Amino acid sequence: MTASKVLAFDLYGTLLSTESIAKQLEQHFPDKAQSISASWRRYQLEYTWRLNSMGIYEPFSAVTRNSLHHAISEHNESLSDESISELMKAYDNLTTFPDTKLALTQLSKTPSVSAVVFSNGTHSMLSNSVHKSFDLSPHSSFFMDIVSVDDVGQYKPSPAVYGHLAEKVGKKDKLGDVWLVSGNPFDVVGARSVGMNAIWVDRGGKGWVDKVRPGVEPTVTVRSLEEIPSVLKE
C-alpha cells in the first residue's frame, strides 16, 4: 500500500451495528430481545479481554457463540442448537449504521487514502460480512485487505494485534500513518498506546470518558463517519 494514510476500520460497532441482531432475537424472545442482545455484545467483549489476560485464545466465532449462550442463560431462557446456528449466521449479515454507506462512498474517491477492515472477527466471519452481507458487500472493493487478529492469536487491545496491522499495511516504521477508525473506546486506546492515530466515532455524542489510561485520547472525535473526509483534509 502506497497511500500516505491507511484507514483501519473496526467492523463490529463501527461499520456494522451489533444491535441489529435484536431483530433476529425478537423471533425467539419478543420481550427480552434488546436486553439479550446488549448482554451478548457485553459478554462477547468481556470474554476476549478475559482470554487475553489468561494467555488463552479461542476464535471469535467460538467467543461469539459462547457469549450468546451466557446471555440467554442469564435471562433464564434457552434455545435449540439449530436456532443458535441461525443466529450465528445472522451475525454475518449485520446491518450497517446509517452513516456507513455514504461515508465509504465519499472516502473511495480520496486517492491519498487506502482502507482495510481490522477486526477481532475470524477470517471467515469478516469475509462473509464484507463480501456477502447485503449492506456492506456493495462497498467491498473499497477495502484493500481484511486484517484479522486470528493471525496473532490475541484480541484487541493487545499491542501485538496493532503491530500485526502495521506490518500488513506496510507501515511498521510509520505508525502515525495508520488511522484506526472505531466506535469502541478500548480499541482507540489500544491504537493510541502503540503510536497510531485514531478516529473515535462518538455517535451518542457523550464525549470521551474512558480513563483506563488518563491522557490517552482519540486523535480526532467525530459524531458520524461522514465527517472523516473533512478530517483527513485538515
Side-chain angles (χ1 to χ4, degrees), residues 9-98 100-101 104 116-141 143 145-156 158 161 182-184 186-187 203:
F9 284 89
D10 173 59
L11 192 64
Y12 306 115
T14 302
L15 296 178
L16 299 178
S17 172
T18 55
E19 294 180 3
S20 62
I21 201 70
K23 293 181 180 179
Q24 280 73 29
L25 285 166
E26 284 177 358
Q27 299 174 19
H28 305 283
F29 314 110
D31 300 325
K32 299 181 180 180
Q34 290 293 337
S35 181
I36 291 175
S37 176
S39 294
W40 185 4
R41 175 60 172 167
R42 184 174 71 252
Y43 289 126
Q44 182 191 52
L45 293 177
E46 181 183 318
Y47 278 18
T48 62
W49 301 329
R50 287 164 62 182
L51 288 167
N52 270 1
S53 295
M54 292 185 287
I56 298 170
Y57 183 76
E58 294 285 347
F60 199 60
S61 53
V63 169
T64 301
R65 182 183 292 270
N66 294 340
S67 56
L68 173 58
H69 279 291
H70 187 159
I72 292 172
S73 296
E74 188 176 66
H75 285 76
N76 298 314
E77 299 287 355
S78 62
L79 271 183
S80 67
D81 290 342
E82 181 180 357
S83 294
I84 292 288
S85 294
E86 287 300 315
L87 284 168
M88 290 295 295
K89 290 180 182 177
Y91 215 87
D92 288 342
N93 200 28
L94 297 171
T95 59
T96 55
F97 284 99
T100 297
K101 297 178 183 179
L104 295 184
V116 299
V117 168
F118 171 51
S119 174
N120 277 340
T122 64
H123 287 288
S124 176
M125 293 176 73
L126 301 183
S127 181
N128 285 338
S129 291
V130 173
H131 297 295
K132 298 179 182 179
S133 69
F134 180 80
D135 279 358
L136 199 55
S137 60
H139 304 276
S140 61
S141 62
F143 299 108
D145 201 356
I146 296 175
V147 183
S148 170
V149 306
D150 221 18
D151 295 329
V152 182
Q154 297 179 48
Y155 285 109
K156 299 178 181 182
S158 167
V161 303
S182 181
N184 298 301
F186 71 90
D187 197 9
R203 290 188 175 93

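This structure is a prediction, so every number in the text was calculated from the model and none was measured. What's counted below: heavy atoms across the whole structure, side chains too, no hydrogens, waters or symmetry copies. Position 1 is the first residue of the sequence, and the numbers go up from there.
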Check: Asn120 and Tyr12 side chains under 4.5 Å, non-hydrogen atoms: no
How close do Gln154 and Val149 get, heavy atom to heavy atom, and via which atoms? O-CB, 3.0 Å
Qualifying residues under salt bridge (Lys or Arg N to Asp or Glu O under 4.0 Å), relative to Glu58, sequence neighbours excluded: none
Sequence neighbours left out, what passes side-chain contact (heavy atoms from CB on, under 4.5 Å) with Arg42? Give chain and number order. Ser39, Glu74
So, do Arg50 and Ile56 sit near enough that their side-chain heavy atoms are less than 4.5 Å apart? no
Residue pair Leu136 / Leu104, side-chain heavy-atom distance below 4.5 Å: yes
Any donor-acceptor N/O pair, Ser37 side chain to Gln34 backbone, under 3.5 Å: no
Donor-acceptor under 3.5 Å (Asn184 side chain, Thr14 main chain): no
Just wondering, do Val130 and Ile146 contact through their side chains at under 4.5 Å, heavy atoms? yes
Non-hydrogen side-chain atoms of Arg65 and Ser85 separated by less than 4.5 Å: yes
Take Ile72 and Ile84, measure what side-chain contact (heavy atoms from CB on, under 4.5 Å) needs, and give me the verdict at the end. CA-CA 10 Å; Ile72 292 172; Ile84 292 288; 3.9 Å; yes
Hey, could you give me the OG1/CZ distance between Thr64 and Arg41, rounded to the nearest 0.5 Å? 8.5 Å
Report the distance from atom CG of Leu51 to atom OG of Ser158, rounding to the nearest 0.5 Å. 12.5 Å
Assess, by modelled atom type and distance only, whether the side chains of Tyr43 and Asn66 contain a donor and an acceptor separated by less than 3.5 Å. no
Tell me, with the steps shown, if Asp135 and Thr100 meet side-chain contact (heavy atoms from CB on, under 4.5 Å). CA-CA 9 Å; Asp135 279 358; Thr100 297; over 6 Å; no
Extract all donor-acceptor atom pairs below 3.5 Å that involve side chains of residues 18-29 and protein atoms in other chains or at least two apart in sequence.
| unit_1 | atom_1 | unit_2 | atom_2 | d |
| --- | --- | --- | --- | --- |
| Ser20 | OG | Ser17 | O | 2.7 |
| Ser20 | OG | Thr95 | N | 3.3 |
| Ser20 | OG | Thr95 | OG1 | 3.3 |

What are the two closest non-hydrogen atoms of Ser133 and Ser137, and how far apart are they? O-OG, 2.6 Å
With no hydrogens and no angle check, is any side-chain donor or acceptor of Trp49 less than 3.5 Å from a backbone partner on Tyr155? no
Flag, side chain of Thr96 to backbone of Leu15, donor-acceptor distance under 3.5 Å: no
Report yes or no: does Asn93 contribute a side-chain atom to a donor-acceptor pair with the main-chain N or O of Phe134 at less than 3.5 Å? yes
Decide yes or no for Met125 and Asp92: does some side-chain heavy atom of the first lie under 4.5 Å from some side-chain heavy atom of the second? yes
Centroid-centroid distance, Phe60 to Tyr91, less than 6.0 Å: no
Ignoring hydrogens and angles, tell me if any N or O in the side chain of Ser67 forms a donor-acceptor pair with the backbone of Val63 under 3.5 Å. yes
Is a side-chain donor or acceptor of Lys156 paired with a backbone partner of Phe118 at a separation under 3.5 angstrom? yes
Do the side chain of Ser129 and the main chain of Leu126 share a donor and acceptor less than 3.5 angstrom apart? no
